Amino acid sequence: MPTYAQTERRDLADLFLAVGPDAPTLNDGWRTRDLAAHLIVRERRPDAAGGIVLPPLRGYAERVRLRIAGRPYPEIVELVRHPPWWSPISNPLFDRAANTLEFFIHHEDVRRAQPGWHPRELTADFQATLWRRASTLARLSLRRFRAAVLVQAPGYGETSAGAGGDRLRLVAAPAELVLFLSGRQRAARAQIEGSPPLAARLREAKLGF
């Protein structure tokens, strides 16, 4: 059976073609063509991929991404759909670990930027898979946030995160928590309980990997 990383990749590639190269995404300033080019840099250009997370390499990575984004759009989508076997993050040994969240999040980046979107009905197994990653993501993305945050996914589990202080409770399905904790708070359907000013600060905080 295909893994969730593989099905999210396939469905994202299909969606890229369905909405076209200039559809909006949740990524500020990026259209679908830009997001697809980012994914190609990430898994096909190890010389530039470091710029995704390392500021000194960011300029070079962006120049490479822009060159890729200028290629014919169907060609770009095919490169996303069919990862290279030699990629350090997309080979069979690491694909599931490296790409399940990546492709789920970017699939939703496109879906939720379109008019009339609604949350998908995901299987309990997929939600459980996302929860395992969300619980780790919570500790990473909230490690500097000045509050004691109880993150709960009803039916899946809970974890504590944050730098300590006043208490907040963040409650959502695992898929929504993944989006919230990766910096897409405005597009995530999540409930925050606690001090309204502190809850508002969490909704506006810069979160992510």
Side-chain angles (χ1 to χ4, degrees), residues 1-9 11-12 26-27 35 38-39 42-43 46 49-55 83 87-112 119-194 198-199 201-209:
M1 287 183 61
T3 66
Y4 293 123
Q6 291 168 341
T7 57
E8 290 298 300
R9 178 192 293 273
D11 292 348
L12 175 57
L26 296 183
N27 305 94
L35 178 54
H38 158 79
L39 292 169
R42 177 179 173 271
E43 63 187 3
I52 296 171
V53 294
L54 298 175
S87 172
I89 59 171
S90 300
N91 66 71
L93 290 176
F94 296 105
D95 183 55
R96 190 190 306 251
N99 291 321
T100 299
L101 273 196
E102 180 79 9
F103 279 88
F104 169 76
I105 289 170
H106 288 318
H107 188 186
E108 293 298 322
D109 282 339
V110 179
R111 289 188 70 258
R112 298 190 184 210
R120 288 185 283 163
E121 292 188 8
L122 303 178
T123 66
D125 184 70
F126 194 12
Q127 291 278 19
T129 297
L130 292 173
W131 167 246
R132 288 191 291 272
R133 288 158 173 79
S135 59
T136 300
L137 180 58
R139 292 189 291 274
L140 290 173
S141 64
L142 297 172
R143 67 191 182 280
R144 294 190 180 93
F145 186 76
R146 296 289 184 179
V149 185
L150 178 64
V151 180
Q152 293 182 318
Y156 295 93
E158 64 180 44
T159 191
S160 297
D166 291 342
R167 295 182 178 277
L168 285 179
R169 182 168 172 256
L170 174 63
V171 185
E176 303 301 320
L177 288 174
V178 164
L179 294 170
F180 189 101
L181 294 165
S182 63
R184 292 145 175 91
Q185 295 99 307
R186 294 183 183 183
R189 296 190 173 179
Q191 179 182 354
I192 306 176
E193 299 176 1
L198 190 58
R201 188 157 62 83
L202 180 57
R203 288 198 181 275
E204 298 296 327
K206 185 174 177 58
L207 304 178
F209 299 101

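These figures come from a predicted structure and were not determined experimentally.
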Kindly check if the number of other-residue, nucleotide or ligand heavy atoms within 6.0 Å of [atom1] ([X]) is above 12?
| X | atom1 | answer |
| --- | --- | --- |
| Arg146 | CZ | no |
| Arg203 | CZ | yes |
| Arg120 | CZ | yes |

Rounded to the nearest 0.5 Å, what's the gap from [atom1] on [X] to [atom2] on [Y]? Could you check?
| X | Y | atom1 | atom2 | value |
| --- | --- | --- | --- | --- |
| Leu179 | Leu207 | CG | CG | 12.0 Å |
| Ser182 | His106 | OG | NE2 | 9.0 Å |
| Asp109 | Phe104 | CG | CZ | 10.0 Å |

Sequence neighbours left out, cut at 3.5 Å: what donor-acceptor pairs do the side chains of residues 159-169 make with other protein atoms?
| residue | atom | partner | partner atom | Å |
| --- | --- | --- | --- | --- |
| Thr159 | OG1 | Arg139 | NH1 | 3.0 |
| Arg169 | NE | Gln152 | OE1 | 2.3 |
| Arg169 | NH1 | Glu193 | OE1 | 2.7 |
| Arg169 | NH1 | Glu193 | OE2 | 2.8 |
| Arg169 | NH2 | Gln152 | OE1 | 2.7 |

How far apart are the closest heavy atoms of [X] and [Y], and which atoms are they?
| X | Y | result |
| --- | --- | --- |
| Arg184 | Asn27 | NH2-ND2, 3.4 Å |
| Leu137 | Val178 | CD2-O, 3.8 Å |
| Trp131 | Val151 | CH2-O, 3.9 Å |
| Ala172 | Leu177 | O-CD1, 3.6 Å |
| Thr3 | Gln6 | N-OE1, 2.9 Å |
| Leu12 | His107 | CD1-CA, 3.8 Å |

Review point. Run the side-chain contact (heavy atoms from CB on, under 4.5 Å) check on Leu142 and Leu202 step by step: do they pass?
Key: CA-CA 9 Å; Leu142 297 172; Leu202 180 57; 3.7 Å; yes
Point to revise | Residue pair Leu39 / Phe103, side-chain heavy-atom distance below 4.5 Å | key: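 They are in side-chain contact.
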Point to revise | Contacts of type side-chain hydrogen bond (donor to acceptor under 3.5 Å, both in side chains), residue Arg112, not counting sequence neighbours | key: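 Arg112 satisfies side-chain hydrogen bond (donor to acceptor under 3.5 Å, both in side chains) with Glu108, Glu176 once adjacent residues are dropped.
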Determine yes or no for a side-chain-to-main-chain donor-acceptor pair under 3.5 angstrom, with [X] supplying the side chain and [Y] the backbone.
| X | Y | value |
| --- | --- | --- |
| Ser87 | Glu43 | yes |
| Asp125 | Ala128 | no |
| Arg143 | Leu140 | yes |
| Glu8 | Ala5 | no |
| Glu158 | Ala153 | no |

Check your understanding: Just checking, is any N or O donor in the side chain of Arg132 or Ser135 under 3.5 Å from an acceptor N or O on the other one?
Key ->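 Per modelled atom types, Arg132 and Ser135 side chains form no pair under 3.5 Å.
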Review point. Side chains of Asn99 and Tyr4: is there a donor and an acceptor less than 3.5 Å apart?
Key: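 Distance-only check fails for Asn99 and Tyr4.
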Exercise for review: Apply side-chain contact (heavy atoms from CB on, under 4.5 Å) to Leu170 and Leu181, showing your working.
Suggested key: CA-CA 10 Å; Leu170 174 63; Leu181 294 165; 4.2 Å; yes
Exercise for review: Mind jotting down which residue pairs meet the ring-ring contact (aromatic ring centres under 6.0 Å, His included) criterion with at least one end in residues 140-160? Sequence neighbours excluded, please.
Suggested key: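 Counting only pairs at least two positions apart or across chains, no ring-ring contact (aromatic ring centres under 6.0 Å, His included) contact touches residues 140-160.
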Review point. With the threshold set at 4.0 Å, does a side-chain nitrogen-carboxylate oxygen contact exist between Glu102 and Arg9?
Key: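 Judged by the 4.0 Å cut-off on N to carboxylate O distance, Glu102 and Arg9 do not form a salt bridge.
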